[in-house]
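A quick write-up on the structure given underneath.
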Amino acid sequence: MNTRRGKAEEFFSKAGKKIDDLFSEISKSDISEKLELKERLRELKRNKESLEKDFNDFTEDNKEVFRDIADSFEESFEDIKDIFRKKKNQNG
């Protein structure tokens with residue numbers, strides 16, 4: 001789950017930087033283009049914030065599911081290690 005959260009945070013960080021860079025570039029452009037681009041930029045920011053909130057809500061709502069998956073994976077991994085050790089000891 002931490003990997004997924006880390007990747008999401010990286011995505012949102014990059015998206016925020018790209019939006020800021022675009023905003024800076026727009027500020028230097030022709031005035032007639034600025035109005036339309038600024039509105040699109042505001043829309044992008046709203047969409048980013050909404051997506052980030054949805055992701056955080058999804059993560060929080062499914063915390064138990066992620067924990068169960070992680071526990072199941074860990075148990076399976078331990079079972080595989082035990083089987084491997086037993087087989088190795090049998091073969092000497």
Distance-only criterion, 3.5 Å: show the donor-acceptor pairs between side-chain atoms of residues 72-79 and protein atoms not counting sequence neighbours.
residue	atom	partner	partner atom	Å
Ser76	OG	Ser72	O	3.0
Glu78	OE2	Lys81	NZ	3.4

So, using side chain to side chain contact (heavy atoms under 4.5 Å, CB included) as the criterion, who are the partners of [X] when residues are at least two apart?
X     : result
Asp20 : Lys45
Leu51 : Phe11, Phe12
Arg42 : Lys38, Glu39, Arg46

Exercise. Hey, is Asp57 close enough to Lys53 for a salt bridge, meaning N to O under 4.0 Å?
Worked result: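 Salt bridge flag = yes for Lys53 with Asp57.
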
Problem set entry | Asp82: partners by salt bridge (Lys or Arg N to Asp or Glu O under 4.0 Å), with sequence neighbours left out |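 Salt bridge (Lys or Arg N to Asp or Glu O under 4.0 Å) check on Asp82 returns Arg85.
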
Problem set entry | Glu52: partners by salt bridge (Lys or Arg N to Asp or Glu O under 4.0 Å), with sequence neighbours left out |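 Testing Glu52 for salt bridge (Lys or Arg N to Asp or Glu O under 4.0 Å), a comparison that skips the adjacent residues, returns Lys48.
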
Problem set entry | Phe55 and Thr59: CA distance, side-chain angles, deciding distance, side-chain contact (heavy atoms from CB on, under 4.5 Å) verdict | CA-CA 6 Å; Phe55 177 80; Thr59 300; 3.4 Å; yes

Problem set entry | Distance (rounded to the nearest 0.5 Å) between Leu41 CG and Lys18 NZ |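 Leu41 atom CG to Lys18 atom NZ measures 14.0 Å (nearest 0.5 Å).
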
Exercise. Atom CD1 of Ile69 and atom CD of Glu64: how far apart are they, to the nearest 0.5 Å?
Worked result: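 Ile69 CD1 to Glu64 CD: 11.0 Å, rounded to 0.5 Å.
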
